[in-house]
Amino acid sequence: MPVVSLKETLDRAFAERYGVPAINIVDDLSIQAVLAAAVEERSPVIIQTSVKTVKMYGRDQLYGIFTALARDVDVPVSLHLDHCPDRSVISSCLGGGWNSVLFDAHELDVAENLRQTTEVVQEARRYGANVEGEIEGIQGVEDDIGSDEASVQQSLEVAVDFIKRTGVDCFAPAIGNAHGQYTSAPVLDHQRVTDLVEATGVPMALHGGTGLSKEQFQDLIARGCAKVNISTALKEAYMKSALEFLRGAEEKGKWDPPSLFRHQTAAVTQMAREHMRLFGSSGRA
Ligand code: 13P
């Protein structure tokens, strides 16, 4: 099974300046659809799970589904836990096979966040796993975590100090990005990505990918956002394709679940493929 560390995947993407899609899956169908896209595009991919999805399935069941589906995939795949403020869930996922976690302690003050993130990095290293760090909340609620309040940006010095002292493998800066669909075109602080990358040499994670323009993606990836998070686009592809199919099923009076699943799988795979092409990860595996 080509499950590779997040660091290995991101280091190459960072050096060659393409973005690896980190896609929040919601179930087995969406894992399978995203992996199919990665194989068809010959792209590395990060399968990302929210805490909500981990709790919905149970850690071992979700990991079992992931390993069963990733077993025969011949492109690099990482399994990453998205925004997790809860140390016990972090420890549980690291112990249960996840090879990367985002310890989201932005609600703590930076000194305490730094102290605890350093511990999480040490814990992750014992499993050969990687850590994404965060000191500023990304605006918008992602699977019950976060808030709609605008993010409070820390100074460049504080962010650089956090990255260097914790030893995180990638960092999620708040640059005017937000989870969910944007209600107006976001104005992004792209210079901050350049400044953080120049000062640390660490790849950045771009959150709030859904709804950014082609130009914004390409610019931020060129500046060092090697991990690009997509969640809302998957939810929309998954549910809108179901809605469309079910409307047709009702009209015809024909109810065939496998046909519904095939329709949803095709929609999610297509969505993932489009992002892989956009991020330049196609053809890299
Ligand atoms: P979107 O829901 O805007 O795609 O953001 C995803 C994300 O950043 C997950 O952490």
Side-chain angles (χ1 to χ4, degrees), residues 1-10 12-13 18-54 56-82 93 96-102 129-130 132 143 205-206 209-210 217 226-242 245 257-285:
M1 185 166 60
V3 176
V4 303
S5 77
L6 183 90
K7 183 165 169 48
E8 195 182 322
T9 296
L10 290 191
R12 183 173 160 206
Y18 59 86
V20 182
I23 304 186
N24 288 57
I25 55 76
V26 293
D27 63 357
D28 54 340
L29 184 150
S30 48
I31 298 176
Q32 197 165 15
V34 170
L35 291 176
V39 171
E40 285 162 29
E41 289 295 322
R42 306 305 308 163
S43 167
V45 71
I46 298 159
I47 297 289
Q48 205 158 252
T49 66
S50 68
V51 173
K52 187 177 179 178
T53 304
V54 174
M56 184 184 82
Y57 270 100
R59 176 196 75 166
D60 292 343
Q61 198 172 351
L62 184 55
Y63 186 69
I65 292 167
F66 167 76
T67 46
L69 294 171
R71 189 172 298 134
D72 297 324
V73 168
D74 61 352
V75 294
V77 182
S78 305
L79 180 62
H80 175 82
L81 176 68
D82 200 18
C93 286
W98 272 247
N99 61 7
S100 179
V101 293
L102 164 51
N130 298 118
E132 179 180 337
D143 268 3
L206 174 59
T210 302
F217 280 129
K227 174 174 182 279
V228 187
N229 286 10
I230 297 291
S231 174
T232 303
L234 181 139
K235 290 175 181 166
E236 290 189 1
Y238 185 105
M239 294 193 72
K240 287 182 180 175
S241 60
F245 184 89
S259 307
L260 165 65
F261 303 151
R262 273 196 298 277
H263 191 74
Q264 285 179 289
T265 303
V268 173
T269 299
Q270 183 57 27
M271 176 285 302
R273 289 188 73 161
E274 282 163 14
H275 284 98
M276 288 162 186
R277 289 185 206 143
L278 200 52
F279 302 166
S281 63
S282 294
R284 307 282 184 161

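For the atom pair OG1 of Thr269 and CD of Glu274, the computed distance is 11.0 Å after rounding to the nearest 0.5 Å. Residue Thr9 holds its OG1 atom at 13.5 Å from CZ of Arg284, rounded to the nearest 0.5 Å. Note: Leu29 CG to Arg262 CZ = 11.5 Å, rounded to the nearest 0.5 Å. How far OG of Ser282 is from CD of Glu40: 10.5 Å, rounded to the nearest 0.5 Å. Summarising the geometry, atom CG belonging to Asn99 is positioned 11.5 Å from atom CD1 belonging to Ile47; distances are rounded to the nearest 0.5 Å. Distance check, rounded to the nearest 0.5 Å: CD1 of Ile31 to CG of Leu35 gives 7.0 Å.
Ring orientation note: the planes of Phe245 and His263 are tilted relative to one another, at an angle of 30° to 60°.
Within the structure, the salt bridge (charged side-chain N to carboxylate O under 4.0 Å, His left out) test picks out no pair touching residues 24-35 (sequence neighbours left out).
At a threshold of 4.5 Å between non-hydrogen side-chain atoms, the residues Leu206 and Phe279 do not count as touching. Under the 4.5 Å side-chain criterion, counting only non-hydrogen atoms from C-beta, Val75 is not in contact with Pro44. A 4.5 Å side-chain heavy-atom check between Tyr18 and Ser43 finds every atom pair outside the cut-off. When side chains are defined from C-beta on, Ser100 does not count as touching Ile46, because their heavy atoms never get closer than 4.5 Å.
Taking both residues in full, the closest heavy atoms of Met271 and Ala233 are given as CG-O, 3.8 Å, listed atom of the first, atom of the second, then distance. Closest non-hydrogen pair, Val26 versus Thr53, comes out as O-CG2, 3.9 Å. Among all heavy-atom pairs drawn from Ser231 and Thr210, the shortest one is N-OG1, 3.9 Å. The two residues Val268 and Ser30 have their closest heavy-atom pair at CG1-O, 4.4 Å. Shortest non-hydrogen contact noted between Gly97 and Leu79 is O-CD2, 4.5 Å. Closest heavy-atom contact between Ile230 and Leu234: CG2-N, 4.5 Å.
The only option from Val51, Val54, Leu62 that meets the side chain to side chain contact (heavy atoms under 4.5 Å, CB included) definition with Cys93 turns out to be Val54. Applying the side-chain hydrogen bond (donor to acceptor under 3.5 Å, both in side chains) test between Thr49 and each of Trp98, Tyr57, Tyr63 identifies Trp98 as the sole match.
Annotation for Met56: atom CE counts as buried by contact number, over 12 foreign heavy atoms lying within 6.0 Å.
Partners of Lys7 under the side chain to side chain contact (heavy atoms under 4.5 Å, CB included) rule, at least two apart in sequence or in another chain, are Ser5, Asp11, Asn130, Asp169.
Within the 3.5 Å criterion, the main-chain N or O of Asn229 finds no donor-acceptor partner in the side chain of Asn24. No side-chain donor-acceptor contact under 3.5 Å links Thr265 to the backbone of Ala33. The backbone N or O of Tyr238 sits less than 3.5 Å from a side-chain atom of Gln264, completing a donor-acceptor pair. Checking side-chain atoms of Ser281 against main-chain N and O of Val20 turns up no donor-acceptor pair under 3.5 Å.
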Working note: Ile25 + Phe66, criterion side-chain contact (heavy atoms from CB on, under 4.5 Å); need CA distance, chi angles, decisive distance, verdict. CA-CA 10 Å; Ile25 55 76; Phe66 167 76; over 6 Å; no
